[in-house]
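For reference, the structure is listed below as structure tokens.
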Amino acid sequence: MKLTKSFYERSNVVTIAKELLGKQLVSKVDGKISAGIIVETEAYSWKERGCHAFGGKKTNRNEVMFAAGGCGYVYLCYGMYNLFNVVTNTKDKAEAVLIRAIEPRVGIELMRERRKSKHDRHLTSGPGKLTQALSITRKHNGTWLQDDDIWIETGDTVARKQIVTAKRIGIDYAGEDADLPWRFYLRDNVWVSKK
DNA sequence: TAGAGGATTGAT
DNA sequence: TCAATCCTCTAC
């Protein structure tokens with residue numbers, strides 16, 4: 001069952017990031033379905049420097065973050081990798097959850113083709129990898145998660161004690177905000193990206 | 001309009 | 001440890 005708009009429109013992005021663990025991310029591209037369980041997320045808010053929309057600054061790139069919760073925000077990182085975020089909160093309150101890793105469940109053969117990687121372990125264990133495996137690109141920026149292109153549905157039940165809290169990755173430039181414990185992942189899950 | 005740098009990855 | 005690689009933003 002797809003998550004409803006009211007799930008995304010809540011005001012606490014950190015809570016949403018935690019609750020997304022165990023949910024299933026699904027993509028349907030060219031009529032082909034592939035999906036996996038979300039095992040790692042990070043929260044971002046306009047209130048802190050790690051966020052593209054820090055201070056409420058709107059640009060062409062991050063415009064989608066200012067839409068109401070329930071949109072996909074896809075952008076290019078390092079000129080090579082598409083990163084997939086879920087926009088949360090209400091209109092003009094720019095917050096989002098970065099999906100950093102998933103555990104493959106549906107269309108694994110499809111993912112192998114798209115990734116061209118011999119080791120399944122590397123299929124979706126990182127933000128740039130999972131978008132490749134699910135064939136998510138910048139064309140999906142602004143995609144409505146109630147539609148039939150990309151969506152998130154209920155998946156596994158996650159016990160509170162399975163959730164590990166940590167600092168976010170790769171945002172050293174954010175100063176003290178880089179220390180915010182806004183990264184969440186499932187304990188002992190092999191699909192979590194490692195550092 | 002030019003130039004610097006980034007929410008990464010995989011190979012060395 | 002480092003290069004690949006190109007879009008985005010800032011400053012001139």
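- Using a 4.0 Å heavy-atom distance criterion, A:K116 is classed as making no nucleic acid contact.
- The closest side-chain heavy-atom distance from A:Y73 to A:R61 is below 4.5 Å.
- At least one side-chain heavy atom of A:L3 sits less than 4.5 Å from a side-chain heavy atom of A:L20.
- Atom CZ of A:R183 is separated from atom C1' of B:dT8 by 13 Å (rounded to the nearest Å).
- Across all strands, A:L76 comes closer than 4.0 Å only to sugar-phosphate atoms, never to a base (heavy-atom distances).
- B:dA7 atom C1' lies 16 Å from atom CZ of A:R49, rounded to whole Å.
- Aromatic stacking is not marked for A:Y78 over B:dG6, as the cut-offs of 5.5 Å for the centres and 30° for the planes do not both hold.
- With a 6.0 Å radius and a threshold of 12 heavy atoms from other residues, nucleotides or ligands, A:K58 has its NZ atom above the threshold.
- As rounded to whole Å, 13 Å separates atom C1' of B:dA7 from atom CG of A:L130.
- Using a 4.0 Å heavy-atom criterion, one finds that A:H122 contacts no nucleic acid atom at all.
- Using a 4.0 Å cut-off between a side-chain N of Lys or Arg and a carboxylate O of Asp or Glu, A:K32 and A:E113 do not qualify as a salt bridge.
- Of the candidate nucleotides C:dT10, B:dA7, B:dT8, C:dT10 has the atom lying nearest to any side-chain atom of A:K57.
- Here A:R115 does not pair with A:D120 in a salt bridge; the nearest charged N to carboxylate O distance is not below 4.0 Å.
- Within the 4.0 angstrom heavy-atom criterion, only backbone atoms of the sugar-phosphate kind lie near A:G126; the bases stay farther away.
- When the P atom of B:dT8 is taken as reference, atom CG of A:D172 falls 10 Å away, rounded to whole Å.
- Atom CG of A:D177 is separated from atom C1' of B:dA7 by 14 Å (rounded to the nearest Å).
- Residue A:M80 places its side chain closer to C:dT5 than to any other of B:dA7, C:dT5, C:dT8.
- Residue A:R138 has its side chain nearest to C:dC7 when only B:dT9, B:dG6, C:dC7 are considered.
- Between B:dG10, C:dC9, B:dA7, one nucleotide has an atom nearer to the side chain of A:K129 than all others, and that is B:dG10.
- Going from the P atom of C:dT5 to that of B:dA2 covers 22 Å, rounded to whole Å.
- Side chains of A:E95 and A:S45: a donor-acceptor N/O pair is present below 3.5 angstrom, by distance only.
- The phosphate of B:dT8 has OP1 or OP2 within less than 4.0 Å of a side-chain N or O from A:R100.
- Across every strand in view, C:dT5 sits unpaired, with no contact that passes the Watson-Crick or G-U test at under 3.5 angstrom.
- The side chain of A:Y73 approaches B:dA7 more closely than any other nucleotide in the set B:dA7, C:dT8, B:dG10.
- Separating the CZ atom of A:F54 from the C1' atom of B:dA7 is a distance of 16 Å, rounded to the nearest angstrom.
- Heavy atoms of A:R168 sit nowhere under 4.0 angstrom from any nucleic acid atom.
- Distance CZ (A:R115) to P (B:dT8): 15 Å, rounded to an integer number of Å.
- Atom-to-atom, OH of A:Y81 to P of B:dG5 comes out at 21 Å; the value is rounded to the nearest Å.
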